[in-house]
Amino acid sequence: MECMDKDQLLELAPHYIAMLLLVFFILEVSQVVVGEIAFWLELVLIMFVVFAYRLAVVRLGFAPSSWE
């Protein structure tokens, strides 16, 4: 098993922060547009954003080296 070093963590941190902010933004927008949504639907939205973010970042060429 490969251990993460400080450089990898510094490379990944901005992506995880951006992903977290994007999740909060999408959930807030969905609540404004639709109103209160069920927990399971929120969970599905979170999973979609997380997977879509990673795929988009890799496709656009901005992915950290450990995601490629």
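FYI, side chains are in, hydrogens and waters are out, and symmetry mates aren't considered; it's all heavy atoms of this structure.
Under the 4.5 Å side-chain heavy-atom criterion for grouping Ile, Leu, Val, Met, Phe, Trp and Tyr, V29 is connected to V50 within one hydrophobic cluster. Cluster annotation: I46 is connected to L41 through the hydrophobic network of ILVMFWY side chains, with a link wherever side-chain heavy atoms come within less than 4.5 Å. In terms of hydrophobic clustering, with Ile, Leu, Val, Met, Phe, Trp and Tyr side chains grouped at heavy-atom distances under 4.5 Å, L22 and L43 are assigned to different clusters.
Within the structure, ring pair (Phe, Tyr, Trp, His ring centres under 6.0 Å) pairs that include any residue of residues 20-39 do not occur (at least two apart or interchain). Residue pairs meeting the ring pair (Phe, Tyr, Trp, His ring centres under 6.0 Å) criterion with at least one partner in residues 41-68, sequence neighbours excluded, are H15-W67, Y16-W67. Counting only residues at least two apart or on different chains, the side chain to side chain donor-acceptor pair (under 3.5 Å) pairs with a member in residues 36-47 are Q31-E42.
The closest side-chain heavy-atom distance from I37 to L45 is below 4.5 Å.
Under the side-chain contact (heavy atoms from CB on, under 4.5 Å) rule, V23 has a single partner from I26, L21, L27, which is L27.
To the nearest 0.5 Å, the span separating OG on S66 from CD on E11 amounts to 6.0 Å. A distance of 11.0 Å separates CG in L12 from CD1 in I17, rounded to the nearest 0.5 Å.
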Determine whether Q8 and D5 satisfy the following criterion, side-chain contact (heavy atoms from CB on, under 4.5 Å), listing intermediate values before the conclusion. CA-CA 5 Å; Q8 276 184 315; D5 61 0; 3.3 Å; yes
